[in-house]
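Inspection log for the structure reproduced underneath, given as structure tokens.
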Amino acid sequence: MSGGGGITSLALREGGTVVLGVFGELDLLTGPELVDVVTDCLSVRPVRLVLDVSAVSFCDASGLTALLGARDSAVQAGAGPWQGYSRRCCGS
């Protein structure tokens with residue numbers, strides 16, 4: 001579990017899959033933290049990376065940009081197909 005500032009994350013590895021849970025706000029300040037955490041997760045060379053953002057309480061355009069960057073990194077690392085899921089988008 002990591003939590004340096006605005007987001008907290010928990011990565012679980014099961015077989016070749018890494019499930020990354022992200023908690024808190026995803027915005028201009030925390031987007032780079034997400035990119036760093038995804039990079040760390042990809043360093044173990046998973047077959048698939050699943051990003052659970054169901055506990056993200058707020059996400060602005062910068063957060064969406066970070067999510068797209070994370071997806072691109074995962075696809076380039078061969079950790080696809082990309083899967084992400086959330087019960088809500090952009091807060092509220």
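Residue numbers count from 1 along this sequence.
With sequence neighbours excluded, no residue satisfies side chain to side chain contact (heavy atoms under 4.5 Å, CB included) with T65. Applying the side chain to side chain contact (heavy atoms under 4.5 Å, CB included) test to R45 and every residue at least two apart in sequence or in another chain returns nothing. Residues passing the side chain to side chain contact (heavy atoms under 4.5 Å, CB included) test with T39 are V35, sequence neighbours excluded.
Here CZ of R71 is found 10.0 Å from CG of L67. Values are rounded to the nearest 0.5 Å. Atom CG of D52 and atom OG of S9 lie 12.0 Å apart (nearest 0.5 Å). Rounded to the nearest 0.5 Å, atoms OG (S73) and CG (L34) are 9.5 Å apart.
For the residue pair A70 and V38, the shortest heavy atom distance occurs at CB-CG2, 3.7 Å. Annotation for P46 and C41: closest pair CD-O, 3.5 Å, computed over non-hydrogen atoms.
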Checklist entry - Could you walk me through whether V53 and C59 pass the side-chain contact (heavy atoms from CB on, under 4.5 Å) check? => result CA-CA 10 Å; V53 295; C59 182; over 6 Å; no
Expected list for residues 18-29: side-chain donor-acceptor pairs under 3.5 angstrom, two or more places apart:
unit_1 : atom_1 : unit_2 : atom_2 : d
D27    : OD1    : L29    : N      : 3.1
D27    : OD1    : T30    : N      : 3.1
D27    : OD1    : T30    : OG1    : 3.2

